[in-house]
Amino acid sequence: MPEDGFETREDKDIYRHSTSHVMAQAVLELFPGTKLGIGPSIEDGFYYDFDLPVPISEDDLPRIEEKMAEIIGQDSLFEKYSITKDEANSLFKDAPYKLELLKEIEDDKVTIYRQGSFVDLCRGPHLPSTGHIKAFKLISIAGAYWRGDEKRPMLTRIYGTSFPTREPLEEYLHRLEEARRRDHRRLGRELGFFNIYEEAGPGLIYYHPYGTILREEISKLLKREHQKRGYLEVVTPHIAKMDLWKTSGHCEFYRENMFFMEVEGSGYVLKPMNCLGHILIYQSRTRSYREMPLRLFELGTVYRYERSGVLHGLLRVRGFTQDDAHIFCQREKLQEEITKVIDFALDMLSLFGFKEYEVYLSTRPEKFVGTPQKWDEAISSLKGALEEHDLLYAIDEGEGVFYGPKIDIKLKDTLGRAWQGPTIQVDFNLPDQFDISYIGPDGARHQPVMIHRVVLGSLERFIGALIEHFSGAFPTWLAPVQILIVPIADRHLPYAKRVEGDLLGREIRVEIDSRNEKIGLKIREGELRKIPYLLIIGDKEAQNQTIALRKRGKGDLGEVKLADFIEKLTREITKRD
RNA sequence: GCCCACAUAGCUCAGGAGGUCAGAGCGCAUCCUUGGUAAGGAUGAGGUCGCCGGUUCAACUCCGGCUGUGGGCUCCA
């Protein structure tokens with residue numbers, strides 16, 4: 001994380017919250033009649049929600065910034081007053097949102113803050129005066145439901161940020177710019193990975209040849225790694241009869257995310273999850289404790305109806321493939337099995353270059369199935385497994401799914417952003433709904449616990465994260481084109497072809513740039529395509545059976561024996577460096 | 001789905017008070033150049049200005065609807 005100039009988290013919050021008050025004052029002065037929502041500090045800045053008398057757009061932000069600068073120039077004190085709720089009710093009689101907040105405050109006394117002409121209901125604390133704000137910037141404007149509830153009015157939210165000096169602000173803006181530069185949607189198109197076609201439907205991904213190579217490389221790795229860890233791979237169809245989804249409860253609980261169709265008079269569903277197919281396979285015969293835990297794995301493509309407004313590149317789509325598995329295991333083996341899954345997940349993430357995580361444990365929600373004892377048992381298994389790994393985790397109280405608690409692991413990329421990755425979920429619902437069982441050593445039927453887990457999550461989302469993490473400059477083992485051969489003149493083409501043949505023989509992905517162009521241009525384009533190695537071939541190289549090696553971002557590395565290079569390269573690829 | 005904005009050539013983007021305003025760069029094609037480490041030169045092809053309606057003598061330009069995209073909200077792998 002870059003140095004932001006704040007001593008403590010509290011200082012930062014106070015500073016930014018104060019900036020949001022200044023912004024609110026500016027908006028109120030520019031747009032009289034505006035009703036105020038709330039204006040907290042957030043991760044990277046602050047926002048304030050307004051109910052404006054007229055719509056505004058990004059074009060209005062500079063005006064608001066000017067007004068804010070003026071208010072800061074006045075250096076008004078932030079003054080705190082403690083008043084009774086009655087007084088507050090009359091003070092904010094024209095501020096409906098504030099009145100609503102007041103209603104929820106238990107204390108009889110509330111505090112308000114005033115700077116200049118502006119008064120706000122606020123717990124504080126604040127900076128001494130507006131003049132303490134040295135560097136700020138309004139970032140964007142967006143709609144946001146009052147109190148995050150889509151049934152309530154939509155307010156206009158303005159996002160901004162502020163820092164004690166100019167420098168960290170500039171740095172922050174640079175970071176935003178950098179994030180835009182590595183946006184997977186932009187790189188995905190530029191590097192020929194994937195596209196989404198308006199005429200084919202939103203949220204549906206078409207992988208182009210290079211993207212397909214990347215995806216296949218990941219898929220192959222996943223299949224091998226699952227096999228190594230005792231998973232059995234299966235393949236299940238994309239559609240299934242609706243009745244199956246009624247039994248599971250999906251038609252009831254998941255209906256708004258499902259695609260339905262009709263075939264010869266019976267209802268079918270485009271599968272939104274892979275679990276039911278795996279349950280059918282589990283139930284295909286009587287299961288014994290001897291084959292437990294039974295781990296069924298599938299690179300399963302699922303389709304979920306997502307509201308149009310939430311779609312976003314590869315990160316939020318309507319059709320995606322999960323590296324999904326369902327583990328049927330004995331209740332007493334739950335923690336052991338979860339420990340293995342966490343091991344697996346962390347191994348895989350570090351293989352892809354992610355070393356930092358945020359871990360969340362979601363507990364029992366208000367609406368749940370199963371008994372509280374079962375929940376407690378599962379939660380303690382999840383906790384136990386996390387603790388075995390010495391993982392720091394946060395508890396998301398009540399955020400579990402209705403059918404069981406879960407662990408979510410988010411990966412941090414090079415820019416410090418968190419991406420949803422592995423989730424491990426215990427399911428109490430489906431074993432009941434489908435009455436699944438196994439025969440124990442005692443000869444009696446027992447109900448297994450079901451673990452629903454993904455390691456990378458969805459390939460789409462993971463690839464999106466990967467593209468941004470590496471900024472499209474993939475390690476050699478993942479790069480769609482690993483080697484670009486650049487012959488200097490036409491007469492070098494025969495030798496170039498020979499080199500290509502040698503590389504192809506080692507299953508290395510190679511291209512020759514045989515265009516009639518100068519090498520300066522070919523090198524430039526090779527670098528822009530982020531190809532790991534360029535091999536320049538001219539008279540000298542053809543003569544000596546060498547290549548002039550150029551490494552992405554490192555420039556010319558000089559003449560190297562072809563055999564030596566191939567050996568080094570093969571090692572780099574197998575080690576996944 | 002909701003709020004705001006946007007939609008011009010394959011890509012990035014100009015454009016105007018409704019009327020020689022269909023434009024640039026990159027890319028693509030053809031030709032010249034055979035060149036030693038991040039852009040050689042010339043010529044050319046490409047667009048019913050997202051779609052459907054309306055206003056007008058005239059709409060890429062104004063208005064409405066639809067579709068899609070972006071930033072968010074809610075929801076999520």
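Residue numbers start from 1 in every chain, and the chains themselves are labelled A, B, ... in the order their sequence lines are given, proteins ahead of strands. Just so it is clear, the model here is predicted, and its values are computed rather than measured.
Base pairing analysis places B/C66 opposite B/G50; the two distances defining the Watson-Crick or G-U wobble pair are each below 3.5 Å. Summarising the base pairing, B/G18 is matched to no nucleotide, lacking a Watson-Crick or G-U wobble pair whose two defining distances lie under 3.5 Å. When Watson-Crick and G-U wobble pairs are counted only if both distances are under 3.5 Å, B/U43 pairs with B/A29. B/G36 is unpaired under the criterion used here, namely a Watson-Crick or G-U wobble arrangement in which both key atom distances are under 3.5 Å. Pairing of B/A59, defined by two Watson-Crick or G-U wobble distances under 3.5 Å, is not identified with any nucleotide.
Across all strands, A/Y197 comes closer than 4.0 Å to no nucleic acid atom at all (heavy-atom distances). Within the nucleic acid shown, A/G538 comes within 4.0 Å of at least one base atom, counting heavy atoms only. At a threshold of 4.0 angstrom between heavy atoms, the contacts of A/E306 include nucleobase atoms, whether or not backbone atoms are also involved. A/V486 comes within 4.0 angstrom of nothing in the nucleic acid, heavy atoms only. Contact annotation for A/S140: backbone-only contact, meaning every heavy-atom pair under 4.0 Å involves sugar-phosphate atoms and none involves a base. The residue A/V310 sits close to a base: some heavy atom pair falls under 4.0 Å.
A donor-acceptor contact under 3.5 angstrom links the side-chain atoms of A/R461 to the base of B/C76. In terms of polar N and O atoms assigned as donor or acceptor, the side chain of A/R316 comes within less than 3.5 Å of the base of B/C75 in a complementary pairing. Taking only distance into account, the side chain of A/E527 meets the base of B/A38 through a donor-acceptor pair shorter than 3.5 Å. Taking only distance into account, the side chain of A/R318 never meets the base of B/A77 through a donor-acceptor pair shorter than 3.5 Å. For A/R307 against B/U74, a side-chain-to-base donor-acceptor contact under 3.5 Å is present. Within 3.5 Å, no donor on the side chain of A/E58 pairs with an acceptor on the base of B/G70, nor the reverse.
Residues A/M23 and A/I64 meet the side-chain proximity criterion, which asks for heavy atoms closer than 4.5 Å. Residues A/V302 and A/F320 have side chains in contact (heavy-atom distance under 4.5 Å, counting atoms from C-beta outward).
Residue A/Q420 places its side chain closer to B/A77 than to any other of B/A77, B/U34, B/G36.
Screening residues 346-357 of chain A for side chain to side chain donor-acceptor pair (under 3.5 Å), with sequence neighbours left out, gives A/R229-A/D347.
Under a cutoff of 6.0 Å and an axis angle of 45°, A/R304 and A/Y254 do not form a cation-pi pair.
Under the side chain to side chain contact (heavy atoms under 4.5 Å, CB included) criterion, A/T476 pairs with A/Q482, A/P532, A/Y533, A/L569, A/E572, A/I573, not counting sequence neighbours.
Stacking annotation: A/Y159 is not stacked on the base of B/G72 (requires ring centroids less than 5.5 angstrom apart and an interplanar angle below 30 degrees).
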